[in-house]
Number of protein chains: 2
Amino acid sequence: MRIGDAAAAAGTTPRALRFYEANGLLPPPRRSGTGQRVYGARDVARLRVIRRLLSLGLTVADLRDCADRLDLVESEDLPGYGEPGACANPGGVAARRVATMNAEIDRLTELRDRLAAHLAGPGRGGG
Amino acid sequence: MRIGDAAAAAGTTPRALRFYEANGLLPPPRRSGTGQRVYGARDVARLRVIRRLLSLGLTVADLRDCADRLDLVESEDLPGYGEPGACANPGGVAARRVATMNAEIDRLTELRDRLAAHLAGPGRGGG
DNA sequence: CTTGCCTTTGACGCGCGGGTCAGGGTCTAC
DNA sequence: GTAGACCCTGACCCGCGCGTCAAAGGCAAG
(Lines give C-alpha, C1' and ligand atoms only; values in the text may rest on other atoms or scores of the structure.)
Protein backbone atom coordinates (compact mmCIF):
# COMPACT_ATOMS: atom_id res chain seq x y z
CA MET A 1 0.00 0.00 0.00
CA ARG A 2 1.51 3.29 -1.13
CA ILE A 3 1.15 6.68 0.50
CA GLY A 4 -1.87 7.81 -1.50
CA ASP A 5 -3.86 4.71 -0.60
CA ALA A 6 -2.93 4.88 3.07
CA ALA A 7 -3.85 8.55 3.17
CA ALA A 8 -7.20 7.94 1.51
CA ALA A 9 -7.90 5.03 3.85
CA ALA A 10 -7.36 7.34 6.81
CA GLY A 11 -9.25 10.24 5.28
CA THR A 12 -6.28 12.53 4.77
CA THR A 13 -3.59 13.41 2.25
CA PRO A 14 -0.10 12.16 1.33
CA ARG A 15 1.30 15.52 2.39
CA ALA A 16 -0.12 15.06 5.88
CA LEU A 17 1.46 11.62 6.19
CA ARG A 18 4.90 12.96 5.32
CA PHE A 19 4.31 15.79 7.76
CA TYR A 20 3.41 13.38 10.57
CA GLU A 21 6.45 11.29 9.77
CA ALA A 22 8.71 14.34 9.78
CA ASN A 23 7.25 15.32 13.15
CA GLY A 24 7.59 11.92 14.76
CA LEU A 25 3.91 10.92 14.88
CA LEU A 26 4.35 8.15 12.36
CA PRO A 27 7.40 5.86 12.35
CA PRO A 28 9.33 5.95 9.09
CA PRO A 29 7.75 3.19 6.99
CA ARG A 30 9.76 0.72 5.00
CA ARG A 31 10.52 1.67 1.43
CA SER A 32 10.14 -0.11 -1.85
CA GLY A 33 13.27 -0.72 -3.90
CA THR A 34 12.76 2.62 -5.61
CA GLY A 35 12.30 4.58 -2.42
CA GLN A 36 8.54 4.76 -2.23
CA ARG A 37 6.92 4.51 1.20
CA VAL A 38 5.05 1.28 1.87
CA TYR A 39 2.34 1.20 4.54
CA GLY A 40 0.30 -1.56 6.16
CA ALA A 41 -3.06 -1.80 7.88
CA ARG A 42 -1.48 -1.05 11.26
CA ASP A 43 -0.17 2.25 9.93
CA VAL A 44 -3.65 3.16 8.74
CA ALA A 45 -5.11 2.31 12.14
CA ARG A 46 -2.51 4.47 13.82
CA LEU A 47 -3.23 7.25 11.37
CA ARG A 48 -6.89 7.13 12.28
CA VAL A 49 -5.99 7.49 15.95
CA ILE A 50 -3.78 10.46 15.11
CA ARG A 51 -6.50 12.11 13.05
CA ARG A 52 -9.07 11.62 15.78
CA LEU A 53 -6.85 13.06 18.49
CA LEU A 54 -5.89 16.02 16.31
CA SER A 55 -9.56 16.68 15.56
CA LEU A 56 -10.15 16.71 19.31
CA GLY A 57 -7.79 19.64 19.69
CA LEU A 58 -4.55 17.90 20.60
CA THR A 59 -1.55 19.34 18.82
CA VAL A 60 1.18 17.67 16.84
CA ALA A 61 3.55 18.44 19.70
CA ASP A 62 1.15 16.77 22.15
CA LEU A 63 1.08 13.61 20.05
CA ARG A 64 4.82 13.64 19.56
CA ASP A 65 5.18 13.66 23.33
CA CYS A 66 3.34 10.36 23.54
CA ALA A 67 4.11 8.91 20.13
CA ASP A 68 5.48 5.72 21.63
CA ARG A 69 2.25 5.11 23.50
CA LEU A 70 0.18 5.66 20.39
CA ASP A 71 1.39 2.19 19.40
CA LEU A 72 -0.53 0.74 22.32
CA VAL A 73 -3.85 1.99 21.05
CA GLU A 74 -3.42 1.56 17.36
CA SER A 75 -5.70 -1.45 17.31
CA GLU A 76 -9.21 -1.20 18.66
CA ASP A 77 -8.98 -4.88 19.53
CA LEU A 78 -6.34 -4.33 22.14
CA PRO A 79 -7.68 -4.95 25.67
CA GLY A 80 -6.56 -1.56 26.93
CA TYR A 81 -8.57 0.31 24.36
CA GLY A 82 -11.60 2.04 25.79
CA GLU A 83 -10.23 2.34 29.26
CA PRO A 84 -10.24 5.80 30.77
CA GLY A 85 -7.13 7.62 29.75
CA ALA A 86 -5.69 4.77 27.76
CA CYS A 87 -5.95 6.63 24.49
CA ALA A 88 -6.17 10.34 24.97
CA ASN A 89 -4.29 10.58 28.22
CA PRO A 90 -0.92 8.95 27.83
CA GLY A 91 1.28 10.87 30.19
CA GLY A 92 -1.38 13.46 30.86
CA VAL A 93 -0.95 15.38 27.62
CA ALA A 94 -4.68 15.45 27.01
CA ALA A 95 -5.39 16.70 30.51
CA ARG A 96 -2.82 19.43 30.02
CA ARG A 97 -4.39 20.30 26.68
CA VAL A 98 -7.81 20.62 28.34
CA ALA A 99 -6.27 23.01 30.86
CA THR A 100 -4.67 24.99 28.03
CA MET A 101 -7.97 25.18 26.21
CA ASN A 102 -9.72 26.30 29.35
CA ALA A 103 -7.19 29.07 29.80
CA GLU A 104 -7.66 30.13 26.20
CA ILE A 105 -11.44 30.12 26.60
CA ASP A 106 -11.17 32.26 29.72
CA ARG A 107 -8.83 34.71 28.04
CA LEU A 108 -11.07 35.06 25.00
CA THR A 109 -14.16 35.41 27.15
CA GLU A 110 -12.62 38.21 29.18
CA LEU A 111 -11.46 40.00 26.03
CA ARG A 112 -14.90 39.68 24.50
CA ASP A 113 -16.57 41.01 27.64
CA ARG A 114 -14.29 44.03 27.72
CA LEU A 115 -14.79 44.74 24.05
CA ALA A 116 -18.55 44.41 24.48
CA ALA A 117 -18.39 46.81 27.41
CA HIS A 118 -16.43 49.22 25.25
CA LEU A 119 -19.15 48.93 22.63
CA ALA A 120 -21.74 49.95 25.19
CA GLY A 121 -19.82 53.07 26.20
CA PRO A 122 -16.03 53.34 26.18
CA GLY A 123 -15.47 56.35 28.40
CA ARG A 124 -17.92 55.57 31.16
CA GLY A 125 -17.74 52.10 32.57
CA GLY A 126 -14.14 51.26 33.08
CA GLY A 127 -11.85 53.42 31.50
CA MET B 1 9.43 64.20 17.85
CA ARG B 2 11.10 61.21 16.23
CA ILE B 3 9.81 57.64 16.03
CA GLY B 4 11.45 56.41 19.21
CA ASP B 5 9.97 59.21 21.32
CA ALA B 6 6.50 58.79 19.82
CA ALA B 7 6.66 55.06 20.39
CA ALA B 8 7.76 55.47 24.01
CA ALA B 9 5.04 58.07 24.60
CA ALA B 10 2.45 55.57 23.42
CA GLY B 11 3.99 52.67 25.26
CA THR B 12 5.17 50.74 22.23
CA THR B 13 8.10 50.38 19.86
CA PRO B 14 9.37 52.04 16.67
CA ARG B 15 8.90 48.76 14.87
CA ALA B 16 5.20 48.75 15.74
CA LEU B 17 4.76 52.30 14.43
CA ARG B 18 6.28 51.41 11.08
CA PHE B 19 4.09 48.34 11.03
CA TYR B 20 0.93 50.36 11.69
CA GLU B 21 1.92 52.82 9.00
CA ALA B 22 2.59 50.04 6.50
CA ASN B 23 -0.83 48.58 7.32
CA GLY B 24 -2.74 51.82 7.05
CA LEU B 25 -3.49 52.39 10.74
CA LEU B 26 -1.25 55.45 10.94
CA PRO B 27 -1.08 58.02 8.15
CA PRO B 28 2.42 58.47 6.73
CA PRO B 29 3.97 61.22 8.87
CA ARG B 30 5.91 64.08 7.43
CA ARG B 31 9.64 63.57 7.12
CA SER B 32 12.64 65.60 8.17
CA GLY B 33 15.01 66.73 5.45
CA THR B 34 16.96 63.51 5.84
CA GLY B 35 13.97 61.24 5.65
CA GLN B 36 13.31 60.62 9.32
CA ARG B 37 9.68 60.38 10.42
CA VAL B 38 8.40 63.30 12.47
CA TYR B 39 5.38 62.87 14.76
CA GLY B 40 3.19 65.22 16.77
CA ALA B 41 0.97 64.94 19.83
CA ARG B 42 -2.01 64.04 17.68
CA ASP B 43 -0.16 61.03 16.31
CA VAL B 44 0.62 59.88 19.84
CA ALA B 45 -3.04 60.26 20.83
CA ARG B 46 -4.09 58.23 17.83
CA LEU B 47 -1.47 55.63 18.69
CA ARG B 48 -2.92 55.28 22.14
CA VAL B 49 -6.36 54.66 20.66
CA ILE B 50 -4.89 52.03 18.36
CA ARG B 51 -3.10 50.31 21.20
CA ARG B 52 -6.20 50.26 23.35
CA LEU B 53 -8.39 48.82 20.60
CA LEU B 54 -5.77 46.19 19.75
CA SER B 55 -5.54 45.21 23.40
CA LEU B 56 -9.30 44.76 23.37
CA GLY B 57 -8.99 42.08 20.74
CA LEU B 58 -9.59 44.06 17.56
CA THR B 59 -7.24 43.11 14.77
CA VAL B 60 -5.07 45.23 12.54
CA ALA B 61 -7.45 44.45 9.68
CA ASP B 62 -10.38 45.65 11.81
CA LEU B 63 -8.67 48.95 12.49
CA ARG B 64 -7.65 49.38 8.89
CA ASP B 65 -11.30 49.03 7.95
CA CYS B 66 -12.15 52.08 10.02
CA ALA B 67 -8.84 53.92 9.94
CA ASP B 68 -10.49 57.09 8.66
CA ARG B 69 -12.84 57.18 11.62
CA LEU B 70 -10.01 56.70 14.09
CA ASP B 71 -9.25 60.36 13.40
CA LEU B 72 -12.57 61.30 14.99
CA VAL B 73 -11.64 59.84 18.32
CA GLU B 74 -7.98 60.63 18.51
CA SER B 75 -8.52 63.32 21.12
CA GLU B 76 -10.28 62.55 24.36
CA ASP B 77 -11.47 66.15 24.41
CA LEU B 78 -13.61 65.73 21.35
CA PRO B 79 -17.32 65.88 22.19
CA GLY B 80 -18.07 62.56 20.51
CA TYR B 81 -15.68 60.66 22.74
CA GLY B 82 -17.41 58.42 25.22
CA GLU B 83 -20.57 58.03 23.24
CA PRO B 84 -21.72 54.49 22.61
CA GLY B 85 -20.04 53.14 19.53
CA ALA B 86 -18.15 56.30 18.79
CA CYS B 87 -14.79 54.69 19.38
CA ALA B 88 -14.91 50.96 19.16
CA ASN B 89 -17.80 50.60 16.77
CA PRO B 90 -17.11 52.63 13.66
CA GLY B 91 -18.89 50.75 10.92
CA GLY B 92 -19.67 47.82 13.15
CA VAL B 93 -16.21 46.28 13.09
CA ALA B 94 -16.18 45.85 16.86
CA ALA B 95 -19.59 44.20 16.83
CA ARG B 96 -18.39 41.81 14.15
CA ARG B 97 -15.27 41.11 16.16
CA VAL B 98 -17.39 40.26 19.21
CA ALA B 99 -19.36 37.84 17.05
CA THR B 100 -16.12 36.29 15.77
CA MET B 101 -14.82 35.94 19.30
CA ASN B 102 -18.08 34.34 20.40
CA ALA B 103 -17.82 31.83 17.58
CA GLU B 104 -14.24 31.06 18.55
CA ILE B 105 -15.23 30.63 22.19
CA ASP B 106 -18.04 28.26 21.22
CA ARG B 107 -15.75 26.25 18.99
CA LEU B 108 -13.07 25.93 21.66
CA THR B 109 -15.64 25.06 24.30
CA GLU B 110 -17.08 22.26 22.20
CA LEU B 111 -13.62 20.91 21.44
CA ARG B 112 -12.69 21.00 25.09
CA ASP B 113 -15.90 19.20 26.08
CA ARG B 114 -15.28 16.47 23.56
CA LEU B 115 -11.68 16.05 24.60
CA ALA B 116 -12.72 15.91 28.24
CA ALA B 117 -15.34 13.30 27.37
CA HIS B 118 -12.64 11.34 25.57
CA LEU B 119 -10.52 11.54 28.68
CA ALA B 120 -13.34 10.00 30.71
CA GLY B 121 -13.71 7.05 28.34
CA PRO B 122 -13.03 7.17 24.63
CA GLY B 123 -14.70 4.00 23.39
CA ARG B 124 -17.90 4.11 25.41
CA GLY B 125 -19.76 7.37 25.34
CA GLY B 126 -20.04 8.40 21.75
CA GLY B 127 -17.21 6.79 19.85
C1' DC C 1 36.49 64.47 14.31
C1' DT C 2 34.86 60.64 17.07
C1' DT C 3 31.67 58.21 19.87
C1' DG C 4 27.37 56.17 20.40
C1' DC C 5 22.57 56.02 20.17
C1' DC C 6 18.99 56.77 16.79
C1' DT C 7 16.94 56.28 12.31
C1' DT C 8 16.15 54.20 7.51
C1' DT C 9 14.57 50.08 4.40
C1' DG C 10 14.38 45.18 3.59
C1' DA C 11 13.99 40.64 4.86
C1' DC C 12 13.49 36.67 7.84
C1' DG C 13 11.52 34.32 12.34
C1' DC C 14 7.76 32.62 15.12
C1' DG C 15 3.83 28.81 16.01
C1' DC C 16 0.49 25.62 13.63
C1' DG C 17 -1.00 22.19 10.20
C1' DG C 18 -0.42 21.32 6.51
C1' DG C 19 -1.41 23.33 0.91
C1' DT C 20 0.80 24.09 -3.14
C1' DC C 21 4.30 24.49 -6.52
C1' DA C 22 8.76 22.80 -8.98
C1' DG C 23 11.33 19.49 -11.16
C1' DG C 24 12.27 15.34 -11.25
C1' DG C 25 11.54 9.66 -11.04
C1' DT C 26 8.20 5.46 -10.94
C1' DC C 27 4.44 2.52 -11.92
C1' DT C 28 0.62 0.72 -14.84
C1' DA C 29 -2.21 0.03 -18.74
C1' DC C 30 -2.46 0.02 -23.50
C1' DG D 1 7.12 2.94 -26.01
C1' DT D 2 4.11 6.20 -24.41
C1' DA D 3 0.49 8.55 -21.74
C1' DG D 4 -1.09 9.62 -17.39
C1' DA D 5 -1.39 9.05 -12.61
C1' DC D 6 1.33 8.51 -8.83
C1' DC D 7 5.52 9.34 -5.81
C1' DC D 8 10.01 11.68 -4.27
C1' DT D 9 12.42 15.89 -1.88
C1' DG D 10 12.83 20.72 -1.01
C1' DA D 11 10.96 24.98 -0.49
C1' DC D 12 7.75 28.61 -0.07
C1' DC D 13 2.85 30.14 1.47
C1' DC D 14 -1.09 31.19 4.71
C1' DG D 15 -2.72 34.65 9.07
C1' DC D 16 -1.04 37.75 13.01
C1' DG D 17 1.62 41.27 15.25
C1' DC D 18 5.20 42.46 15.55
C1' DG D 19 10.79 41.07 17.14
C1' DT D 20 15.17 40.84 15.41
C1' DC D 21 19.02 41.22 12.43
C1' DA D 22 21.61 43.66 8.61
C1' DA D 23 23.83 47.38 6.36
C1' DA D 24 23.89 52.10 5.99
C1' DG D 25 23.15 56.98 7.26
C1' DG D 26 21.62 60.88 10.82
C1' DC D 27 22.10 63.53 15.17
C1' DA D 28 23.83 65.57 19.38
C1' DA D 29 27.65 65.91 22.67
C1' DG D 30 32.55 66.12 23.78
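In what follows, chains carry the letters A, B, and so on, assigned in the order in which the sequence lines appear, proteins first and then strands, with residues in each chain numbered from 1.
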Study note, to complete from the structure: Here the salt bridge (Lys or Arg N to Asp or Glu O under 4.0 Å) pairs for residues 105-120 of chain B, sequence neighbours left out, are B:E104-B:R107
Check your understanding: What integer distance in Å separates B:R2:CZ from C:dC5:P?
Key -> 13 Å
Anything under 3.5 Å between a donor and an acceptor, one on a side chain of residues 26-41 of chain B, the other on a protein residue two or more places apart or in another chain? List them.
unit_1 : atom_1 : unit_2 : atom_2 : d
B:R31  : NH1    : B:G35  : O      : 2.7
B:S32  : OG     : B:T34  : N      : 3.4
B:S32  : OG     : B:T34  : OG1    : 3.2
B:S32  : OG     : B:Q36  : N      : 3.2
B:Q36  : OE1    : B:R2   : NH1    : 3.3
B:R37  : NE     : B:E21  : OE1    : 2.8

Check your understanding: Looking across every strand, which nucleic acid part, if any, lies under 4.0 Å from B:T59 by heavy atom: base, sugar-phosphate, or nothing?
Key -> sugar-phosphate
Check your understanding: What are the two closest non-hydrogen atoms of B:L25 and B:R64, and how far apart are they?
Key ->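 Minimum heavy-atom contact is CD2-N, 3.3 Å.
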Review point. On DNA chain D, nearest-nucleotide positions of A:Q36 versus B:R51: which is more 5'?
Key: A:Q36
Point to revise | Co-members of B:V44 in a cluster of I, L, V, M, F, W and Y side chains, linked at under 4.5 Å | key: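 Its cluster mates, by chain and number, are B:M1.
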Review point. Which residues, if any, of residues 16-33 of chain B bring a heavy atom under 4.0 Å of DNA chain D?
Key: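 By residue number: B:A16, B:F19, B:Y20.
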Check your understanding: Of A:L47, A:D43, A:I50, which is the lone residue that meets side-chain contact (heavy atoms from CB on, under 4.5 Å) with A:L17?
Key ->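 Going through A:L47, A:D43, A:I50 one by one, the side-chain contact (heavy atoms from CB on, under 4.5 Å) with A:L17 is satisfied by A:L47 alone.
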Check your understanding: Hey, where on DNA chain D does chain A first and last touch, going 5' to 3'? Cut-off is any atom under 4.0 Å from a heavy atom.
Key ->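 The protein-touched segment is D:dC7 to D:dA11.
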For nucleotides 20-24 of chain C, which of its nitrogen or oxygen atoms have a protein nitrogen or oxygen under 3.5 Å away, and what is each distance?
unit_1 : atom_1 : unit_2 : atom_2 : d
C:dT20 : O4     : A:R15  : NE     : 3.0

Check your understanding: Taking for each residue the nucleotide of DNA chain C bearing the nearest heavy atom, is the 5' side occupied by A:A61 or by B:D5?
Key ->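 Mapping each residue to its closest nucleotide by heavy atoms, the 5'-most match is B:D5.
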